[in-house]
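Every number for a ligand or one of its atoms is a count from 1 in the order of the listing.
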Amino acid sequence: MALLVLKFGGTSVADLDRIRAAAKHIKREIDAGNQCAVVVSAMGDQTDHLVSWTREAAALHDAREYDVVVSTGEQVTCGLLSIILQNMGVPARSWLGWQLPIHTDGAHGAARILDIETDQLKSRLKNGEVAVVPGFQGRSPDGRITTLGRGGSDTSAVALAAALGADRCDIYTDVDGIYTGDPRIVPHARRLDKISYEEMLETASLGAKVLQTRSVQLAMVHQVRLLVRSSFESADGKQDDGGHTGTLVCDEDEIVEQQVVSGIAYTKDEAKVTLIGVEDKPGVAARVFGPLADASINVDMIVQNVSGDGETTDLTFTVSAADLDRALDVLQKVKAELAYEDLRGSTEIVKVSVIGIGMRSHAGVASQMFKALADKGINIEAISTSEIKISVLIDAAYAELAVRTLHSLYGLDNA
Ligand code: ADP
Ligand code: ASP
Ligand code: MG
């Protein structure tokens, strides 16, 4: 008997038939004698509609009211799933974020979970009742509804699993695990049986939206075993005896056969800013990045060109696409002080990354990457690295070509 947290994402609860299919997975676990807390997302793309309504209501709006609106999607799923489970003879009830409660900080729209009260839940679970909890939402210190940022239901599920001390957190989604590349653009991608927390953290933060980055951080810190699996597989005859498909996100030393590269990720969510003709002297970088930091704009990759004349240089860096207009605005305001010649911004770029824990002990991964991209005529505009990843910035038009080329290069293609 195990204590499980099961999370069902948007496509897995997109309509009543999908919710019934989710309920069958839950019933299978209950029938096997397990205790189940369930976290649900809003149905299909309901959250997108709710977000667009808030924008239509007023382009600039109160973030507290935004949260009131966008958190409702999960509440609908939560009630419907509870009704369907009860109708199948499975005792179940909904527990909204404020009822548990799930305490968060007050950063509306991007709140962080601080603590989840689980005493009531634990005794109900012991009696065989399924607790159905809406993902994505919490309660601020002053009692208002908060949301955790897009994709936040993953984080709700992992935080609940950590608070309950669950044996495992199953993330049911529309793919049957973590692949070596986004299966939507890499047809030959392979499913991984296991991936380490660190690799998953890089994969998520470098663009694979299959898990929210924060959820992987929490899983790593609290040692929650995460199993990413498909809700589209039949619930029948798949008793959890280890014979399930899916990808386990776990500690590195649980993975016997380590590969040098475990996957390729990409993101179109970044924008490039270029300052042309800035003075090449000490203190200039601080004068560029200081005002950006003051405006809470995160800078990712940075490249400073070698100065030809020793007097001026060009500086290129990336920010998230959502911050581009603000970043340009901030830099225009300090133009007199910085004395640059020109300022340019572009969203026609993509960041492609190669990830693998094996890179720590294996040389040559970067040079192979640069050569393969050069052979395809793809120009690299910026590079950044960490111990276990290499990212390059390239023209958006080459995104898919680059991802597929690198996927083959490192032998990841499914034969
Ligand atoms: P949910 O609605 O269940 O939260 P998401 O749409 O957020 O699901 O995440 C699942 C999607 O993540 C998949 O449909 C897939 O296209 C995408 N994805 C991106 N990169 C990967 C990857 N490396 N492995 C698996 N899925 C990936
Ligand atoms: N419904 C929310 C979103 O679409 C949270 C989630 O599904 O994870 O972002
Ligand atoms: Mg998701």
Original post:
Would you say the side-chain atoms of T155 pair up with the backbone N or O of S215, donor to acceptor, closer than 3.5 Å?
Top reply: yes
**OP:** Please identify which atoms of ligand 2 are closer than 4.0 Å to at least one heavy atom of R150.
**Re:** 3 (C), 4 (O), 9 (O)
**OP:** Can you establish whether the number of heavy atoms outside D294 located under 6.0 Å from its atom CG is more than 12?
**Re:** yes
**OP:** Would you mind checking which non-hydrogen protein atom is closest to atom 2 (C) of ligand 2, with the distance to 0.1 Å?
**Re:** E74 OE2, 3.4 Å
**OP:** Number the atoms of ligand 2 from 1 as they appear, then name those within less than 4.0 Å of a heavy atom of S41, with their elements.
**Re:** 6 (C), 7 (O), 8 (O)
Subject >> Contact check: S153 vs ligand 2, nitrogen or oxygen atoms, below 3.5 angstrom >> reply: yes
Original post:
Thinking salt bridges, do E252 and K194 make one under a 4.0 Å N-O criterion?
Top reply: no
Subject >> Residues in contact with ligand 1, criterion: heavy atom under 4.0 Å >> reply: K7, G9, G10, T11, T173, D174, V175, G177, I178, Y179, G181, D182, P183, R184, A208, K209, V210
Subject >> Side-chain (S156) to main-chain (F136) donor-acceptor, under 3.5 angstrom >> reply: yes
Original post:
Any donor and acceptor pair, going by atom type alone, linking the side chain of T313 with main-chain N or O of N305 inside 3.5 Å?
Top reply: yes
Subject >> Any G9 heavy atom less than 4.0 Å to ligand 2 >> reply: no
**OP:** Enumerate the atoms of ligand 2 whose separation from the nearest heavy atom of F136 is less than 4.0 angstrom.
**Re:** 2 (C), 5 (C)
Subject >> Axial cation check for Y66 ring with R55, 6.0 Å and 45° limits >> reply: no
Subject >> Worked check of side chain to side chain donor-acceptor pair (under 3.5 Å) between D413 and S408 >> reply: CA-CA 5 Å; D413 285 355; S408 307; 2.8 Å; yes
Subject >> Residue-ligand contact Q212/ligand 2, heavy atom below 4.0 Å >> reply: no
Original post:
Do D67 and T147 meet the criterion of a side-chain donor-acceptor pair at a distance under 3.5 Å?
Top reply: yes
Subject >> NZ/NE/NH1/NH2 to OD/OE distance under 4.0 Å, D62 and R64 >> reply: yes
**OP:** Please test S231 against H25 for side chain to side chain donor-acceptor pair (under 3.5 Å), starting from the C-alpha separation and ending with a verdict.
**Re:** CA-CA 8 Å; S231 70; H25 285 283; 5.7 Å; no
Subject >> Structural part of Q46 in contact with ligand 2, heavy atom criterion under 4.0 angstrom >> reply: neither
**OP:** Indicate yes or no: does an N/O atom of D154 lie under 3.5 Å from an N/O atom of ligand 2?
**Re:** no
Original post:
Under 3.5 Å, N or O to N or O, is G151 touching ligand 2 that way?
Top reply: yes
Original post:
Would you call R184-D174 a salt bridge at under 4.0 Å N-O?
Top reply: yes
